[in-house]
Amino acid sequence: MSEGYILLRVDPHIWHDQSLNYPEKIILNLIYGFTAQGKCCFVSDEWISAKFGIDLNLVRSVIQMLKVRQFINVTEPTAEYPRRMCINIPGEQDPCLEGEYVDYTEF
């Protein structure tokens, strides 16, 4: 990603969701920006922390909570790939998993 700016695609449904706090909304919208383009989000917790000024431990907690609440899919890192994240969109193909579809989740 460019060091000059961050393009944060803000989805109104995410931003107005009262069940989410601001760090959750920011991280979820960051991941959504990749998913909306049919791509995986490969950014690290450290990168998110540095770019958005969010404490590293909070970033890790938020990502774990979004995963537990099934807002996002997280593919653990392997020798071939870093951790991959995308939004869990009902009935849509997961851009991080070729040929697989995500389970239904209500926002």
Side-chain angles (χ1 to χ4, degrees):
M1 298 191 85
S2 172
E3 293 298 319
Y5 63 92
I6 301 169
L7 178 60
L8 182 63
R9 185 174 189 157
V10 177
D11 179 86
H13 296 292
I14 295 171
W15 198 252
H16 296 296
D17 188 329
Q18 297 297 313
S19 72
L20 298 168
N21 61 36
Y22 284 112
E24 291 170 335
K25 291 177 183 187
I26 290 168
I27 293 171
L28 197 54
N29 274 296
L30 174 68
I31 298 168
Y32 172 72
F34 287 93
T35 304
Q37 297 176 51
K39 300 176 182 177
C40 285
C41 178
F42 293 103
V43 298
S44 68
D45 297 346
E46 293 79 11
W47 187 90
I48 295 170
S49 175
K51 294 297 180 183
F52 292 101
I54 303 171
D55 179 74
L56 181 58
N57 289 327
L58 180 58
V59 170
R60 290 178 175 148
S61 295
V62 166
I63 290 173
Q64 182 60 31
M65 184 58 71
L66 292 172
K67 179 181 172 183
V68 167
R69 291 172 63 193
Q70 298 182 353
F71 280 102
I72 62 173
N73 292 325
V74 179
T75 305
E76 297 305 321
T78 65
E80 297 177 32
Y81 296 104
R83 175 189 67 190
R84 298 171 282 168
M85 300 182 289
C86 71
I87 297 290
N88 188 2
I89 301 175
E92 293 291 321
Q93 189 169 2
D94 183 334
C96 299
L97 303 173
E98 296 178 20
E100 296 187 29
Y101 290 83
V102 297
D103 295 328
Y104 179 79
T105 298
E106 188 75 39
F107 270 103

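- One finds the CG atom of Asn73 at 11.5 Å from the CG atom of Leu66 (value rounded to the nearest 0.5 Å).
- With values rounded to the nearest 0.5 angstrom, Glu24 atom CD is found 11.5 Å from Ile14 atom CD1.
- Residues meeting the side-chain hydrogen bond (donor to acceptor under 3.5 Å, both in side chains) test with Thr78, sequence neighbours left out: none.
- Using a 4.5 Å cut-off between side-chain heavy atoms of Ile, Leu, Val, Met, Phe, Trp and Tyr, with links allowed through other members, Leu20 and Met65 fall into different hydrophobic clusters.
- In the hydrophobic clustering of ILVMFWY residues, with side-chain heavy atoms under 4.5 Å counting as a link, Val74 and Val68 come out apart.
- Residues passing the side chain to side chain contact (heavy atoms under 4.5 Å, CB included) test with Ser49 are Leu56, Val59, sequence neighbours excluded.
- Judged by distance alone, with hydrogens and angles left aside, the side-chain atoms of Arg69 form no donor-acceptor pair with the main-chain N or O of Gln64 at under 3.5 Å.
- Looking only at distances, a side-chain donor or acceptor of Lys25 sits under 3.5 Å from a matching main-chain atom of Trp15.
- Between Phe52 and Trp47, the angle of the ring planes goes over 60°, which puts this pair in the perpendicular group of the 30/60° scheme.
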Ile63/Ile48 under side chain to side chain contact (heavy atoms under 4.5 Å, CB included): CA gap, chis, key distance, verdict: CA-CA 11 Å; Ile63 290 173; Ile48 295 170; 4.1 Å; yes
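- The two residues Ser19 and Phe71 have their closest heavy-atom pair at OG-CZ, 4.5 Å.
- In this structure a side-chain-to-backbone donor-acceptor pair under 3.5 Å is missing from Asp45 to Arg60.
- Taken together through direct or relayed side-chain contacts under 4.5 Å among Ile, Leu, Val, Met, Phe, Trp and Tyr, Phe42 and Met85 form parts of separate hydrophobic clusters.
- Distance check: Ile87 CD1 to Asp11 CG gives 8.5 Å after rounding to the nearest 0.5 Å.
- Using a distance-only test at 3.5 Å, with no hydrogens or angles considered, no donor-acceptor pair links the side chain of Asp17 to the main chain of His13.
- Counting heavy atoms from C-beta on, the side chains of Ile31 and Ile27 come closer than 4.5 Å.
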